Amino acid sequence: MTSEEIKLNVEKALDEIRPFLQSDGGDISLLSIEDNDTLVKVQLQGACVGCSVNQMTLKSGVEMTIKKYVPQIEKVINIEV
């Protein structure tokens, strides 16, 4: 996959997750893809900021869905505001 294809697939994964986050008053945005296309940096927004389960959401929801679309992604991290 090219870097552009990876970015498009990560965006597709985020589009799949977004309705669940928005139903709880949150959202997510893609900040960057780094380290030879293996690290995704996102920013949780709205109600997701400061939520006690946001790390669980990040790992079991966001990271798992992104890896479904782009298996070479190794890690997804949230960059706080």
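Residue numbers count from 1 along this sequence. Just so you know, these numbers come straight off a predicted model, no measurement behind them.
A distance of 9.5 Å separates CD1 in Ile6 from CG in Asn36, rounded to the nearest 0.5 Å. Between the CZ atom of Phe20 and the OG1 atom of Thr65 there is a distance of 8.5 Å, given to the nearest 0.5 Å. The CG atom of Leu58 sits 10.0 Å away from the NZ atom of Lys75 when rounded to the nearest 0.5 Å. Separation of atoms CG (Asn78) and CG (Leu44) is listed at 4.0 Å; rounding is to 0.5 Å. Cys51 contributes atom SG, which lies 7.5 Å from atom CG of Asp24 (distance to the nearest 0.5 angstrom). Tyr69 OH to Asp15 CG: the interatomic distance, rounded to the nearest 0.5 Å, is 8.5 Å.
For Gln45 and Ser29, the side-chain atoms include at least one donor-acceptor pair closer than 3.5 Å.
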- request: Begin with the C-alpha distance, continue with both residues' side-chain angles, and end with the deciding distance and a verdict on salt bridge (charged side-chain N to carboxylate O under 4.0 Å, His left out) for Lys67 and Glu74.
  value: CA-CA 8 Å; Lys67 286 179 176 180; Glu74 294 173 5; over 6 Å; no
message: Does Glu4 form a side chain to side chain donor-acceptor pair (under 3.5 Å) with Thr2? I'd like the steps, not just the answer.
response: CA-CA 5 Å; Glu4 187 58 32; Thr2 67; over 6 Å; no
- prompt: Between Glu16 and Lys68, does a side-chain contact (heavy atoms from CB on, under 4.5 Å) hold up when you go through it step by step?
  reply: CA-CA 11 Å; Glu16 182 178 313; Lys68 182 174 77 175; 2.9 Å; yes
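Applying the 6.0 Å contact sphere to CD of Gln72 captures more than 12 heavy atoms from other residues, nucleotides or ligands. Annotation for Lys7: atom NZ does not count as buried by contact number, only 12 or fewer foreign heavy atoms lying within 6.0 Å.
Both Met1 and Leu14 belong to a single network of hydrophobic side chains, linked directly or stepwise wherever heavy atoms of I, L, V, M, F, W or Y lie under 4.5 Å apart.
Heavy-atom minimum distance, Cys48 versus Gly26: SG-CA, 3.7 Å. The two atoms that bring Val76 and Glu63 nearest to each other are N-OE1, 2.9 Å, heavy atoms only.
Formation of a donor-acceptor pair under 3.5 Å by the Asn9 side chain with backbone atoms of Val70 is not found in this model. Judged by distance alone, with hydrogens and angles left aside, the side-chain atoms of Arg18 form a donor-acceptor pair with the main-chain N or O of Ile28 at under 3.5 Å.
Annotation: side chain of Leu21 is in contact with side chain of Thr57 (closest heavy-atom distance under 4.5 Å). Looking at Asp37 and Val40, their side chains never come closer than 4.5 Å, going by heavy atoms from C-beta outward.
Membership of the apolar cluster around Ile79 extends to Leu31, Leu39, Ile77, as traced through chained side-chain contacts below 4.5 Å between ILVMFWY residues.
Between Glu34 and Lys41 a salt bridge is recorded (basic side-chain N to carboxylate O distance below 4.0 Å).
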